[in-house]
Amino acid sequence: MSVIVREVSKRYGTQKALDQVSLTIEKGEVVALLGPNGAGKSTMMKIMSCYLPQSSGYVEVCGYDVVGHSLDVRQKVGYLPEHNPLYLDMYVREYLEFIAGIHRLGKQTRDRVEAMIAVTGLGPERHKKIGALSKGYRQRVGIAQAMIHDPEVLILDEPTSGLDPNQLVDIRNLIKELGQQKTVLLSTHIMQEVEAVCDRVIIINKGKIVADASTEDLQLLNQASRVIRVEFDKVYSWDQLKTLQGVLDVVPVSDLKLKIFVNSATDLRAVVFRFAVQNQWTLLAMDYEDQSIEQVFRQLTFES
């Protein structure tokens with residue numbers, strides 16, 4: 001197990017940022033930590049990377065307690081904060097060599113710097129000062145410094161912030177590739193990114209975990225929002241479909257196409273098909289439209 005969190009709470013004065021949070025992350029998992037602003041995501045990441053102590057509870061990373069063995073944890077963790085702190089007067093290569101020195105890489109410094117420049121696509125900008133870089137390239141420098149010591153666990157807070165669409169694809173592919181060898185925990189507000197690179201999603205709201213599931217299973221958490229899309233050859237009496245057990249509503253999309261909202265974990269397509277056959281309705285097409293991760297996120301974190 002790469003990360004173990006047991007009943008962790010964090011208070012800032014009277015405000016409780018985390019409330020009895022527990023989770024585990026295994027080696028090789030790429031996990032998204034989602035939540036609205038102020039939910040506690042960054043606080044959790046800072047505790048895991050030894051930037052902040054928890055108020056109570058226990059956190060272990062790669063077998064080391066973050067409080068009792070923080071130096072060991074720092075050797076195992078690569079961390080990219082939400083607000084990427086960089087020395088703007090340093091050149092890209094100079095900065096990465098500086099970070100390598102902090103990690104005492106010694107003779108490995110040159111090779112690791114070159115490797116990080118290559119994998120993060122910093123080659124064209126390697127001789128520039130960081131202050132002269134675009135936001136997207138500064139983010140790449142941040143990712144490079146997080147990985148330069150070849151950590152077992154990568155904690156990335158908004159890693160693709162400021163990247164253009166082409167850069168997004170490159171960094172997503174990099175994160176997915178890293179996940180084959182390392183444990184990756186990332187926070188993001190881009191739901192397509194979660195679906196593209198993550199194996200699992202943890203949603204936190206008001207300091208508490210409200211969902212923890214694989215990306216596939218998360219879409220099935222609220223069965224009431226499942227939708228069967230159907231198309232018929234002509235207009236029939238659609239209200240009859242509402243009599244079927246498990247059907248919540250029937251909403252026409254066009255003259256011949258409908259959305260059937262269901263609240264059953266059972267696959268109701270067979271029920272709809274048999275109903276159509278019995279009533280001599282000609283069914284042209286039918287499939288399920290599961291919730292997107294964004295829809296689930298909104299349902300679990302929305303405040304009325």
Side-chain angles (χ1 to χ4, degrees), residues 1-12 15-35 38-85 99 102-105 112 142-143 145-159 175-188 194 197-215 217-218:
M1 201 74 65
S2 290
V3 178
I4 299 172
V5 177
R6 294 180 188 150
E7 298 182 353
V8 167
S9 296
K10 178 63 180 179
R11 295 177 180 83
Y12 297 105
Q15 180 183 0
K16 183 176 282 189
L18 294 174
D19 187 6
Q20 298 288 301
V21 171
S22 296
L23 61 91
T24 59
I25 303 174
E26 296 185 4
K27 183 177 181 180
E29 279 193 297
V30 180
V31 179
L33 184 61
L34 306 182
K41 306 184 302 295
S42 294
T43 296
M44 188 71 257
M45 289 180 156
K46 288 175 182 178
I47 290 172
M48 290 179 181
S49 54
C50 303
Y51 271 62
L52 282 176
Q54 64 267 34
S55 300
S56 62
Y58 176 78
V59 180
E60 180 182 298
V61 178
C62 297
Y64 295 105
D65 174 10
V66 297
V67 175
H69 298 89
S70 64
L71 291 180
D72 295 302
V73 172
R74 291 167 199 257
Q75 291 175 354
K76 301 291 185 180
V77 169
Y79 176 48
L80 174 65
E82 179 182 5
H83 302 291
N84 186 5
I99 298 297
I102 291 176
H103 289 290
R104 300 179 179 177
L105 298 187
R112 290 301 299 168
I143 295 172
Q145 68 80 25
M147 298 192 302
I148 199 164
H149 58 298
D150 196 22
E152 293 183 27
V153 177
L154 273 174
I155 298 176
L156 309 174
D157 202 350
E158 301 286 351
I175 292 171
K176 203 164 188 177
E177 183 179 335
L178 289 169
Q180 297 175 8
Q181 306 167 358
K182 304 179 186 299
T183 302
V184 181
L185 177 66
L186 65 94
S187 71
T188 181
V194 176
V197 305
C198 297
D199 308 310
R200 180 174 150 213
V201 179
I202 298 172
I203 299 178
I204 188 169
N205 189 37
K206 296 181 179 179
K208 291 180 176 288
I209 291 178
V210 294
D212 183 351
S214 69
T215 51
D217 291 344
L218 187 68

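The closest donor-acceptor contact from the side chain of S214 to the backbone of D199 lies at 3.5 Å or more, if one exists at all. For E29 (side chain) and E26 (main-chain N/O), a donor-acceptor pair under 3.5 Å exists by modelled atom type. Judged purely by atom type and a 3.5 angstrom limit, R11 has no side-chain atom pairing as donor or acceptor with the backbone of S55. Side-chain atoms of K208 do not come within 3.5 Å of backbone N or O of Q20 as any donor-acceptor pair. Counting only distance, with no hydrogens or angles, the side chain of R112 and the backbone of I148 share a donor-acceptor pair below 3.5 Å.
Between V77 and Y64, the closest side-chain pair of non-hydrogen atoms is not below 4.5 Å. Inter-residue side-chain proximity for K46 and Y79 is flagged as met; some heavy-atom pair is nearer than 4.5 Å. Residues D19 and S9 have side chains in contact (heavy-atom distance under 4.5 Å, counting atoms from C-beta outward). For the pair M147 and L154, the minimum side-chain heavy-atom distance is below 4.5 Å. Side-chain contact between K182 and D150 is present, with heavy atoms from C-beta onward closer than 4.5 Å. Counting only heavy atoms from C-beta outward, the side chains of I4 and V59 never approach each other to under 4.5 Å.
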Evaluation steps, side-chain contact (heavy atoms from CB on, under 4.5 Å), between T188 and L34: CA-CA 6 Å; T188 181; L34 306 182; 4.1 Å; yes
Chi angles and distances behind the salt bridge (Lys or Arg N to Asp or Glu O under 4.0 Å) call for D157, K41: CA-CA 8 Å; D157 202 350; K41 306 184 302 295; over 6 Å; no
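Each of I25, L185, V194 was compared with R200 under the side-chain contact (heavy atoms from CB on, under 4.5 Å) criterion, and only I25 meets it. Under the side-chain contact (heavy atoms from CB on, under 4.5 Å) test applied with T43, the options V8, I204, L18, V21 reduce to a single match, L18.
Rounding to the nearest 0.5 Å places CG of L33 at 8.5 Å from CG of L186. Between atom CG of residue L71 and atom SG of residue C50 there is a gap of 8.5 Å, rounded to the nearest 0.5 Å. Interatomic distance, S56 OG to R6 CZ, rounded to the nearest 0.5 Å: 14.0 Å.
The two atoms that bring A32 and C198 nearest to each other are CB-SG, 3.5 Å, heavy atoms only. Across V30 and G179, no two heavy atoms sit closer than the pair CG2-CA, 3.5 Å. In terms of heavy atoms, G57 sits closest to Q54 at O-NE2, 3.2 Å. Across all non-hydrogen atoms, the minimal contact from I143 to P159 is CD1-O, 3.6 Å. The two residues N84 and G142 have their closest heavy-atom pair at ND2-CA, 3.5 Å. Looking at every heavy atom in both residues, C62 comes nearest to E152 through SG-OE1, 3.5 Å.
Ring geometry, H103 versus H149: the interplanar angle falls under 30°, so the pair is classed parallel (tilted spans 30 to 60°).
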